[in-house]
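Structure, as structure tokens:
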Amino acid sequence: MTLSPSPTAAATASGHPASNALDIRGVGKRYARAQGGVLQVLQGIDLHIEPGQFVSIVGSSGCGKSTLLRLVLGLDSDYEGRILLGGHEIRGPGPERGIVFQDHRLFPWLTVEQNIAVGLRNAAFSQKQKSALVAEHVALVGLNGFEKSWPHQISGGMAQRVAIARGLVNRPRVLLLDEPFGALDALTRSRLQNELQRIWQKEGITMLLVTHDVDEAVFLGDRVVVMEPSPGRIRRIVDVDLPHPRHRSAPAFIRLRDDVLSDFIEAAAAP
Amino acid sequence: MSTAPDASARDIAELAAAQPLAPREEGRWRGLVLPLAAVAVWWLLASLDLVNSALLVSPLRVLQTAFEQIAGGQLQRALAASLARELAGFAIGTVGGLLLGAFLGLSPIFERVVGPSFNTFKQISLFAWIPLISVWFGLGDVAKVVFLSLAALVPVVVNTCDGIRSVPASLLEVGQAYGYTRRQTLLEVVLPSALPAIFTGVYLALIYSWLATIGAEYLLVSGMGIGNTLIEGSEHFRMDLVVFGMLVIGLVGWLMNACARALERRIARRLGRI
């Protein structure tokens, strides 16, 4: 696959070693079905992601996009093909990959700051460094004043901010986002999309976002990977050559979004 | 670039709405209306001599008996003996229950081997064990404590096992994603998640073992205890003693319940559940 020119290409060349690229090569995944036979969830996925890039994977439910993310996270090692980060094969979860799940998945028995510190549980920092990192990330997601709150006391949008901070606090090379805003109301969702864009620009780390929201995929991604189901595979990859921060009402944005949307309309029209 | 905006006013409003309100004070005394009315009716019936006074003693007589029992030290001795038994049985049953429940909840192999037997075992009514226990351990304190331990064991096992098994898979995955070791997962994810259920089990064990204490003293008649006070009262046809014993048993149970509830609230607050 060819690398598209992106706004982060310059940052990539100067800041990150090229070895931090995420390489997904010929990845397939199948499940044994309960009633016999196998279900091919993913087939022949090839994706190369340069450091610092924001890649959105969009597809209807059942196209295997979340499964792909689980494989990259390392929660499931039973698949075909190879997944490499910085040239090393991924074996199980690791501190260089952070994750934000759809449901915030905060521990209800920990406060906001304790939940963020979960991301540093096994990091080789002193207690002091850990507190400093947590405080820094509380500020990054705009939750100053809520450090001691319990998860049940804060709103869904705030809980998802905590989850983002938890995913980022260990300074991962790649942040994986599995439909992170899917469970939020429209207003909160678009606010958090703006937030995420700001955080990505500030931190400059690779982000891989899985979503079923085309608008979100185009708004955030340098590239949008469109997937289709049965078996889950890549339909096409759309480069989004729009400068950040983006505006949802810009004609170029709307054109690109409609272009990606047309994939789904065609897919729905096909038998 | 722009700085991080603070959480919006809407978020803060939501937070304020989510804060628990102070419990209403005026409702607390309503629970006393019924018992006070019952005492009033009791007193009225007794003083009007409508029923045989041997069957229904007057509240005054019960009060008198209470003073005698306390002044003579009988109550203190009986209560101390009963509570010592109850606490010993509760402690043994709870520790055993925690271990058994933890193994059942954590080890699928152990569950497959022991689970079906335990589920059969817990169907046997507690009092059906009395004949066997009295043959094996006699009628003394050992037999009673064994019986109480059984009473405490079952709820602890059931709730501990359920609590551990119902730890959400999604939270276990969080631990996995952040490289938690087995020990960390057990102590920092499974345990806090299961703790409310485990506490419910221990709380039930406390209540059950107190109920069983009276049962044990009643059925394994020997020695001293508040249950024996009841038996003594009924054998000598002293209704005042019987009623007094019942009141003491109820009061102790109520106190245990209140203490456990208070502790439960503290734990829940510590775990961020309230």
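We name chains A, B, ... by the order of the sequence lines, and we start the count at 1 in each one. Heavy-atom basis, side chains included; hydrogens, waters and symmetry copies ignored.
- Using cut-offs of 30° and 60° on the angle between ring planes, the pair A/F219 and A/F253 is perpendicular.
- At a threshold of 4.5 Å between non-hydrogen side-chain atoms, the residues B/F103 and B/C161 do not count as touching.
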Chi angles and distances behind the side-chain contact (heavy atoms from CB on, under 4.5 Å) call for B/M256, B/L83 | CA-CA 11 Å; B/M256 284 179 177; B/L83 283 176; 3.9 Å; yes
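- The line from NE2 of A/H212 to CD1 of A/I57 is 14.5 Å long, rounded to the nearest 0.5 Å.
- Under the 3.5 Å distance criterion, the side-chain polar atoms of A/E195 are left unmatched by any main-chain donor or acceptor of A/L140.
- Within residues 67-75 of chain A, the residues that have a heavy atom under 4.5 Å from a heavy atom of chain B are A/R70, A/L73, A/L75, listed by number.
- When the heavy atoms of residues 118-127 of chain A are compared with those of chain B, the residues falling under 4.5 Å are A/V118, A/G119, A/R121, A/N122, listed by number.
- Not a single ring-ring contact (aromatic ring centres under 6.0 Å, His included) links B/Y180 to another residue, sequence neighbours left out.
- Here the closest non-hydrogen pair linking A/E89 and A/L84 is N-CD2, 3.6 Å.
- Remark: B/R261 is positioned above the aromatic ring of B/Y203, its terminal NZ or CZ atom under 6.0 angstrom from the ring centre and at most 45 degrees off the axis.
- Between B/R165 and B/E111 a salt bridge is recorded (basic side-chain N to carboxylate O distance below 4.0 Å).
- Legend: salt bridge (charged side-chain N to carboxylate O under 4.0 Å, His left out) pairs involving residues 135-148 of chain A, not counting sequence neighbours, sorted by first then second residue: A/E113-A/K148, A/E136-A/R171.
- For A/D103, the part sitting under 4.5 Å from any heavy atom of chain B is the side chain, from C-beta outward, and nothing else.
- Using a 4.5 Å cut-off between heavy atoms, B/Q184 contacts chain A through its side chain alone, with no backbone atom that close.
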